[in-house]
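Indexing begins at 1, ligand by ligand and atom by atom, following the structure's order.
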Amino acid sequence: MTDIKLSDEFKLNSGVVLPNRIMKSATSEQLGDRSRNPKPDLTTLYEAWSRGGAGLLVTGNIMVDRSALGEPFNVVLDEESDLSQFVNWTKAGTVKGNHLWAQLNHPGKQSPNVLSKTPVAPSAIPLEGAISKSFNMPKELSEPEIKQIVGRFATASRLAKEVGFTGVQIHGAHGYLVNQFLSPRHNQRLDSYGGTLENRMKFVLDVYDAIRHEVGTKFPVAIKLNSADFQKGGFTEEESMQVVCALVKAGIDHIEISGGSYENPIMVNGKDQQIKESTRKREAYFLTYAESLRKVTTVPLAVTGGFRSSEGMMNAINSGATDFVGLARPLILKPDFPLAAFADSKFVLDWKEPTTGYKKLDSMTMLAITWYETQMWRIGKGQKVKLKLSPWKAIVSSIWKLVTSPPVKKRV
Ligand SMILES: Cc1cc2nc3c(=O)[nH]c(=O)nc-3n(C[C@H](O)[C@H](O)[C@H](O)COP(=O)(O)O)c2cc1C
């Protein structure tokens with residue numbers, strides 16, 4: 001066992017230095033304005049996170065295509081964006097000298113029916129699971145449309161660098177478009193983007209190459225990738241490892257490991273309810289996969305999901321399986337969680353996950369997300385987090401967002 005501290009810096013292969021080992025994982029804030037530029041609330045929120053001590057902040061997913069949104073008030077970064085509002089955001093989000101990376105995303109079929117009459121996907125296969133009724137049947141993307149989307153990722157990354165983000169992260173996890181291409185369950189194409197794993201990973205490699213071409217070799221390009229989809233016929237751990245190796249060969253700077261999708265949201269529910277108590281104590285949902293991955297690559301790794309204490313995070317890092325720990329919900333409820341963890345090796349953040357008391361309703365309304373979104377809106381308004389926030393209030397607020405959603409641009 002080496003003795004690495006959470007506050008130790010880390011140098012990426014490109015020479016870029018991240019000030020410590022705590023990373024704020026992406027948390028979709030839905031704090032875009034009606035033109036889908038960042039609202040001042042987003043600036044306030046990220047300043048709180050910058051002051052909270054994490055060495056790397058990753059934004060909530062920023063959409064690369066304004067005709068394809070995951071949520072009604074997503075921020076979009078494209079040629080129509082008001083870049084001055086993004087500059088305000090990046091300045092506030094780096095006020096303490098930390099890194100701020102833009103998470104770039106395309107939802108594919110995970111775009112709800114109020115936002116997409118006909119979402120796009122690798123194949124015309126409907127979404128299943130508890131919330132499937134909120135999603136329409138997708139249309140299969142043509143090859144020219146695929147190339148257009150790759151181009152949108154490239155444009156967004158060029159603009160991200162221009163407005164002051166210090167890196168970008170491709171959202172390759174949680175069932176969104178990149179993940180849909182990787183998954184044999186969702187990608188049943190017969191052309192060069194489907195079939196073998198080599199073909200299924202062509203989309204992500206094309207996206208990576210196009211981004212790298214725009215931003216150069218010194219600008220961090222990262223990915224959040226599923227360790228697996230945890231679904232029958234889905235993307236497996238063995239396949240994920242092969243994709244990591246291909247991305248490393250292509251030059252990726254940093255890989256964050258997660259898992260699951262809207263069909264099976266284990267990224268917020270935890271991987272395995274039957275895990276042994278000894279494993280549960282490790283907190284991290286995806287650490288076992290990281291241990292296997294470590295045997296095949298030395299690429300900088302982050303593991304996200306489940307960390308709640310200094311000890312859990314330190315053990316994960318000192319196990320050698322991961323270089324960074326990713327935190328989402330703890331940082332929403334306590335934006336200065338990293339400072340608290342640096343100062344106290346026994347620090348634990350404990351709270352009760354919100355529930356209406358009706359499991360099905362919790363799933364259908366994605367309460368495990370919406371309750372935390374409402375907390376971020378409070379911080380953005382300069383208010384305090386409210387641990388006793390009523391789940392019903394969070395549900396009403398998120399329905400209100402859906403109802404007041406600005407019209408979505410038609411696909412051309
Ligand atoms: C409110 C909320 C929004 C999220 N939005 C995103 C997102 O935009 N992109 C992403 O990759 N993950 C997103 N996630 C997942 C988190 O990044 C993280 O993987 C998950 O919450 C597990 O980490 P935790 O146990 O530290 O919360 C979101 C999670 C929450 C709670």
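Side-chain contact check for W101 versus L57: every heavy-atom pair is 4.5 Å or farther apart.
Heavy atoms of R308 approach ligand 1 to within less than 4.0 angstrom. A heavy-atom separation below 4.0 Å is found between A368 and ligand 1. Within the structure, the closest approach of A173 to ligand 1 does not fall below 4.0 Å when heavy atoms are considered.
Side chain of N179 to main chain of F181: no donor-acceptor pair is present (N/O by atom type, distance under 3.5 Å, no hydrogens or angles). Listed for the N74 side chain is a donor-acceptor partner under 3.5 Å among the backbone atoms of E71. Of the possible donor and acceptor atoms, none in the side chain of S345 sits under 3.5 Å from a partner among the backbone N and O of A341.
When only non-hydrogen protein atoms are considered, atom 10 (C) of ligand 1 lies nearest to H171 NE2, 3.3 Å. The nearest protein atom to atom 13 (C) of ligand 1, hydrogens excluded, is given as A26 O, 3.0 Å; this is a heavy-atom distance. The nearest protein atom to atom 29 (C) of ligand 1, hydrogens excluded, is given as I369 CD1, 3.7 Å; this is a heavy-atom distance. The nearest protein atom to atom 3 (C) of ligand 1, hydrogens excluded, is given as S28 N, 3.3 Å; this is a heavy-atom distance.
Ion pairing between a basic and an acidic side chain is recognised when a charged N comes within 4.0 Å of a carboxylate O; D253 and K218 show no such pairing. Here K360 does not pair with D362 in a salt bridge; the nearest charged N to carboxylate O distance is not below 4.0 Å. A salt bridge links E263 to R185: at least one charged side-chain nitrogen sits closer than 4.0 Å to a carboxylate oxygen.
Annotation for K161: atom NZ counts as buried by contact number, over 12 foreign heavy atoms lying within 6.0 Å.
Near T304, meaning under 4.0 Å from one of its heavy atoms, ligand 1 places the atoms 18 (C), 19 (O), 23 (O). Within the listing of ligand 1, atoms 10 (C), 11 (O), 12 (N), 15 (C), 19 (O) sit less than 4.0 angstrom from a heavy atom of H174. Set against the non-hydrogen atoms of R329, the atoms of ligand 1 under 4.0 Å away are 21 (O), 22 (C), 24 (P), 25 (O), 26 (O), 27 (O), 31 (C). Using a 4.0 Å cut-off to heavy atoms of P330, the atoms of ligand 1 that qualify are 26 (O).
At under 3.5 Å, a nitrogen or oxygen of G306, whether backbone or side chain, sits near a nitrogen or oxygen of ligand 1. At under 3.5 Å, a nitrogen or oxygen of N61, whether backbone or side chain, sits near a nitrogen or oxygen of ligand 1.
Judged by the 6.0 Å and 45° rule, K39 forms no cation-pi pair with W89.
Considering each of E256, Q30, Q103, Q375, the one bringing a non-hydrogen atom nearest atom 9 (N) of ligand 1 is Q103.
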